A.B. asks: 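One structure is given below, represented as structure tokens, and several questions about it will come after.
Everything numeric here is computed off the predicted structure, so don't read it as measured data. Here, residue 1 is the first one in the sequence, and each next residue gets the next number.
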Amino acid sequence: MGSSSELSEVTREFLNDLSREDTATLKTGLPLIRNIVSFGKVTKWLAITTLGLLVGFVLLWESVLKIVAWFRPPT
């Protein structure tokens, strides 16, 4: 990383005011936040995939029923 002079004054003040416990909390909390964000992306794609499979299955079943109807004798 660069030197602390690259940080804004507000950021430097915030970091200087942190206690050891605050720093430890941030270090343990950041991976948790990353995991939550990643899980949200995975959940979104799982929902999209499930919906796509459901719609695809319905369309396939409808097509199969139409093809089977071709081979039935007229009533």
Side-chain angles (χ1 to χ4, degrees):
M1 272 197 173
S3 67
S4 63
S5 63
E6 295 175 12
L7 299 175
S8 70
E9 184 65 31
V10 175
T11 304
R12 277 188 267 144
E13 287 178 18
F14 173 76
L15 293 174
N16 285 333
D17 290 340
L18 293 176
S19 67
R20 287 193 184 273
E21 293 82 21
D22 293 337
T23 305
T25 301
L26 284 174
K27 284 183 179 179
T28 57
L30 285 176
L32 180 63
I33 299 291
R34 285 189 203 109
N35 288 338
I36 290 171
V37 170
S38 298
F39 184 71
K41 291 177 183 176
V42 169
T43 304
K44 175 185 79 171
W45 285 111
L46 280 174
I48 290 170
T49 302
T50 303
L51 184 62
L53 286 172
L54 178 65
V55 170
F57 180 74
V58 168
L59 292 173
L60 178 67
W61 184 249
E62 183 180 353
S63 297
V64 167
L65 289 178
K66 285 180 183 179
I67 292 171
V68 167
W70 293 345
F71 297 106
R72 286 191 184 153
T75 55

A.B. asks: Between atom CG of L53 and atom CD1 of I48, what is the distance when rounded to the nearest 0.5 Å?
C.D. replies: 12.0 Å
A.B. asks: Just grab all the side chain to side chain donor-acceptor pair (under 3.5 Å) pairs involving residues 37-64, residues at least two apart or on different chains.
C.D. replies: none
A.B. asks: In chain order, what residues pass the side-chain contact (heavy atoms from CB on, under 4.5 Å) check against T11, with sequence neighbours excluded?
C.D. replies: L7, S8, L15
A.B. asks: Is there a side chain to side chain contact (heavy atoms under 4.5 Å, CB included) between F39 and N35? Walk through the geometry before answering.
C.D. replies: CA-CA 6 Å; F39 184 71; N35 288 338; over 6 Å; no
A.B. asks: Using the rule given for side-chain hydrogen bond (donor to acceptor under 3.5 Å, both in side chains), can you reason through S19 versus D22, listing the C-alpha separation, both sets of side-chain angles and the distance that settles it, and then say yes or no?
C.D. replies: CA-CA 5 Å; S19 67; D22 293 337; 3.3 Å; yes
A.B. asks: Quick one, I67 and W70 - any side-chain contact, counting heavy atoms below 4.5 Å?
C.D. replies: yes
